[in-house]
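A quick write-up on the structure given underneath.
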Protein chains: 2
Amino acid sequence: MPLSDELLHKIADVLKAMADPTRLKIIHSLHNGELCVSSILEAVGGSQANISKHLSVLKRAGLVDCRREGLNVHYRIIDDGVFTICRNVCDSLEERLDRERAAVVSGRRQMEEEEWGEAVMAPSDGDH
Amino acid sequence: MPLSDELLHKIADVLKAMADPTRLKIIHSLHNGELCVSSILEAVGGSQANISKHLSVLKRAGLVDCRREGLNVHYRIIDDGVFTICRNVCDSLEERLDRERAAVVSGRRQMEEEEWGEAVMAPSDGDH
DNA sequence: TACATCTATCACCAATTACGAATATAGTCT
DNA sequence: AGACTATATTCGTAATTGGTGATAGATGTA
């Protein structure tokens, strides 16, 4: 499976569309169902123009869809898979923290074993 | 769960690091274990400087780690979670295709029902 | 030492992106 | 029609990104 350039590009496009804190916040705000722009604006904060632009990015990427209802436009997540992806990233981040914590612990132990840890570690009072 | 800005930023950073076709290709090349830069270069293509820079991006984002062995530097994926994330994105893309195909089919049916489909659809001989 | 190899970094350019301010558009109400 | 509301788009700008060629650094070998 050579993994075609086109597929790679499509995957990258989806990830790029998600790779922004404001857009993640928007996605999160839509977790419980559709919202109109003003509600998203309220939930996420920022300027109206900016949110509107981020929404158009998400739409172009095929992550959200919208429908008009009178004056309001309601946006919704097309595919709940985005939430799965977010959760997976969070899981990875958590695992990373675990690893880093383990590394600190084993590093400290190693320093103590080598008998030059005390001078380094003593003044500290834990993680920061 | 207000989802802190810091967490959102971290999630975005991981996604941003993955959101590039060349870097996805690099990640894919490391699927079966570590590789030195020249092997990655061989698998991915492109200039040495460019690949090196992409590797440093992945490293800064905490997705890969490396170790020196003589002249060579071997890179490896730190957390297999990246593969899960890629697979999830692919799943989403597949679901999207299914949806689009279904939309085309139902659209065609609707056109035929409305009796102006024939003129539009007749000359065509399927998807292209 | 000098030299070759592998990798990282620098300097630069083009393209993209995010943002705010202002403006345009679409729909509603009188 | 005109006024009003909700949303989208355009424009200018600063920051970031992806790419290249040249060069620097690190390591091994004669």
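Every chain is numbered from 1, with letters handed out A, B, ... down the list of sequences. Quick caveat, the model's predicted, so the values are computed rather than measured.
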In whole angstrom, give the distance that lies between atom [atom1] of [X] and atom [atom2] of [N].
X	N	atom1	atom2	answer
L15(A)	dT17(D)	CG	P	16 Å
K25(A)	dA18(C)	NZ	C1'	16 Å
E42(A)	dT7(D)	CD	C1'	16 Å
R67(B)	dT27(D)	CZ	P	14 Å
I51(A)	dA6(D)	CD1	C1'	15 Å
E34(A)	dT7(D)	CD	P	12 Å
L41(A)	dC19(C)	CG	C1'	15 Å
E69(B)	dT5(C)	CD	C1'	15 Å

Residue [X], side-chain heavy atoms: nucleotide from [options] that is nearest:
X	options	result
N50(B)	dA8(C), dG19(D), dA18(C)	dG19(D)
L71(A)	dT28(C), dT20(D), dA8(D)	dT28(C)
H54(A)	dC19(C), dA8(C), dA6(D)	dC19(C)
A49(B)	dT7(D), dG21(D), dA11(C)	dG21(D)
N72(B)	dT7(C), dA8(C), dG18(D)	dT7(C)
Y75(B)	dA8(C), dG20(C), dG19(D)	dA8(C)
Q48(A)	dT7(D), dC19(C), dA8(C)	dT7(D)

- Item | Upstream residue (5' side of DNA chain C) when G70(A) and G46(A) are each assigned their closest nucleotide |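 Result of the comparison: G46(A).
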- Message: On DNA chain C, does the nearest nucleotide to K53(A) precede the nearest nucleotide to R68(A) from the 5' side, or the other way round? Give the residue.
- Response: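 Upstream on the strand: K53(A).
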- Item | Exercise: identify the closest heavy-atom pair between M18(A) and I85(A) |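 Result for this residue pair: CE-CG2, 3.9 Å.
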- Task: Drop me the distance from D20(B)'s CG to L24(B)'s CG, to the nearest 0.5 angstrom.
- Result: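 D20(B) atom CG to L24(B) atom CG measures 7.0 Å (nearest 0.5 Å).
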- Query: Nearest 0.5 Å, what's the NZ-CD distance between K10(A) and E6(A)?
  - Reply: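 With rounding to 0.5 Å, NZ (K10(A)) is 4.5 Å from CD (E6(A)).
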- Just wondering, more than 12 heavy atoms not from K16(B) lying within 6.0 Å of its NZ?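 Yes - once you tally the heavy atoms of other residues, nucleotides and ligands closer than 6.0 Å, there are more than 12.
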- Message: Mind checking if S38(B) touches a base, just sugar-phosphate, or nothing, with heavy atoms under 4.0 Å?
- Response: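 Result for S38(B) = sugar-phosphate.
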- Query: Backbone N or O of A17(B) within a donor-acceptor pair of the R23(B) side chain at under 3.5 Å?
  - Reply: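 Between the backbone of A17(B) and the side chain of R23(B) there is a qualifying donor-acceptor contact (under 3.5 Å).
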- Do the side-chain N or O atoms of R23(B) get closer than 4.0 angstrom to the phosphate oxygens (OP1, OP2) of dG18(D)?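 So the side chain of R23(B) is within the cut-off, an N or O lying under 4.0 Å from OP1 or OP2 of dG18(D).
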